[in-house]
2 protein chains.
Amino acid sequence: MRFIDNPFQCPVTRTMSIIGGKWKPIILNCIGDKTIRFGKLNQLMPAISNKVLSKELKDLESLGLINRLESDELPQRVEYNLTDAGISLMPVLVEVANWGNSHFAKQIESKL
Amino acid sequence: MRFIDNPFQCPVTRTMSIIGGKWKPIILNCIGDKTIRFGKLNQLMPAISNKVLSKELKDLESLGLINRLESDELPQRVEYNLTDAGISLMPVLVEVANWGNSHFAKQIESKL
DNA sequence: CAGGATCCCGTCGGATACTG
DNA sequence: CAGTATCCGACGGGATCCTG
């Protein structure tokens with residue numbers, strides 16, 4: 001994945017590069033404290049395409065936020081769960097979510 | 001400004017739409033507790049173009065995070081500062097920054 | 001089942017020049 | 001001084017189809 005060009009090495013920008021974008025926080029939240037399969041994630045997020053889900057999971061894995069657990073049984077079976085780093089991110093996401101909830105009504109998306 | 005398409009009305013995604021992108025957190029940080037002029041912001045962030053800085057400031061203003069204070073003197077003089085909502089966002093940004101600092105070294109930008 | 005390949009389009013952000 | 005106007009390339013993300 002690519003990082004946003006980061007003048008001043010701004011740590012906020014750096015973190016945004018990681019959890020920004022459309023899907024990553026949603027994916028992390030869908031994984032939660034579970035160990036969950038690719039197909040199950042796809043069910044939870046019907047709007048995401050295979051390609052994008054696959055790419056986001058790779059990004060999150062290479063960032064060390066999730067584990068990818070592959071069994072060699074058939075049918076193929078791949079599961080994902082959060083690493084300690086991923087778990088440590090969740091409270092931050094909660095803070096972000098709380099701020100968003102308290103300062104912006106749901107309707108704002110249609111307001112602008 | 002446009003919001004990321006937001007399935008599930010995810011409040012994290014909503015907040016990311018606001019403070020994501022390359023410049024907004026940096027701008028908010030540069031304003032800080034000061035009242036600061038457009039030209040001064042431009043000096044603090046030499047890498048940002050007039051067009052982008054102007055657009056970002058408009059976004060932040062329409063989101064209610066900053067005030068735009070215009071005097072009708074000549075030469076033209078426009079200043080910006082944080083609103084209460086903008087101030088309330090800063091601790092969240094600090095949390096995000098702390099997480100970024102503790103989990104990712106500066107070098108990560110060049111690593112991937 | 002879990003993805004990769006391909007094609008496509010909209011938006012973000014940069015460069016440069018211009019203006020009241 | 002504080003912006004606008006114009007042009008442009010790069011990237012994110014979607015749709016669809018294919019495969020070990």
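In what follows, chains carry the letters A, B, and so on, assigned in the order in which the sequence lines appear, proteins first and then strands, with residues in each chain numbered from 1.
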Tell me which nucleotide among [options] gets nearest to the side chain of [X].
X       : options               : result
B/Ser54 : C/dG14, C/dG3, D/dT4  : D/dT4
B/Val52 : C/dG3, C/dG13, D/dG13 : C/dG13
A/Lys51 : D/dG3, C/dG3, C/dA5   : C/dA5
A/Gln76 : C/dA2, C/dG14, D/dT4  : C/dA2

For atom [atom1] of [X] and atom [atom2] of [N], their distance in whole Å:
X       : N      : atom1 : atom2 : answer
A/Phe3  : D/dG12 : CZ    : P     : 11 Å
A/Leu69 : C/dC1  : CG    : P     : 19 Å
B/Ile26 : C/dC12 : CD1   : P     : 17 Å
B/Leu53 : D/dT4  : CG    : P     : 11 Å
B/Asn6  : D/dG12 : CG    : C1'   : 16 Å
B/Asn42 : C/dA15 : CG    : P     : 12 Å
A/Phe38 : C/dG4  : CZ    : C1'   : 10 Å
B/Lys22 : C/dT11 : NZ    : C1'   : 15 Å

Contact between A/Asn29 and A/Leu93 at the side-chain level, heavy atoms closer than 4.5 Å - yes or no?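 They are not in contact (no side-chain heavy atoms under 4.5 Å apart), so the answer is no.
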Close side-chain approach of B/Met90 and B/Leu82, heavy atoms under 4.5 Å: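 Heavy-atom side-chain distance check passes, below 4.5 Å.
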Quick one: label [X] by what it contacts on the DNA or RNA (base, sugar-phosphate, nothing), any heavy atom closer than 4.0 Å.
X       : answer
A/Lys58 : sugar-phosphate
B/Lys55 : nothing
B/Glu79 : nothing

Electrostatic pair B/Lys24-B/Glu56, nearest N-O below 4.0 angstrom: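 Yes, B/Lys24 and B/Glu56 are salt-bridged.
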Using 0.5 Å steps for rounding, measure from the OG1 atom of A/Thr13 to the CG atom of A/Asn6.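 Between atom OG1 of A/Thr13 and atom CG of A/Asn6 there are 5.0 Å.
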Could you say whether A/Leu57 or A/Asp5 is positioned toward the 5' end of DNA chain C, judged by the nucleotide with the nearest heavy atom to each?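 Comparing both residues, the 5'-ward one is A/Leu57.
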Presence of [X] side-chain N/O under 4.0 Å of [N] phosphate oxygens OP1/OP2:
X       : N      : answer
A/Ser49 : D/dT16 : no
A/Arg37 : C/dC1  : no
B/Arg68 : D/dG3  : yes

Here's a test of your reading of the structure: between A/Gly21 and A/Asn50, which maps to the more 5' nucleotide of DNA chain D?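 The answer here is A/Gly21.
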Side-chain heavy atoms under 4.5 angstrom apart, residues restricted to Ile, Leu, Val, Met, Phe, Trp, Tyr: same cluster for A/Val96 and A/Ile87?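 Same hydrophobic cluster.
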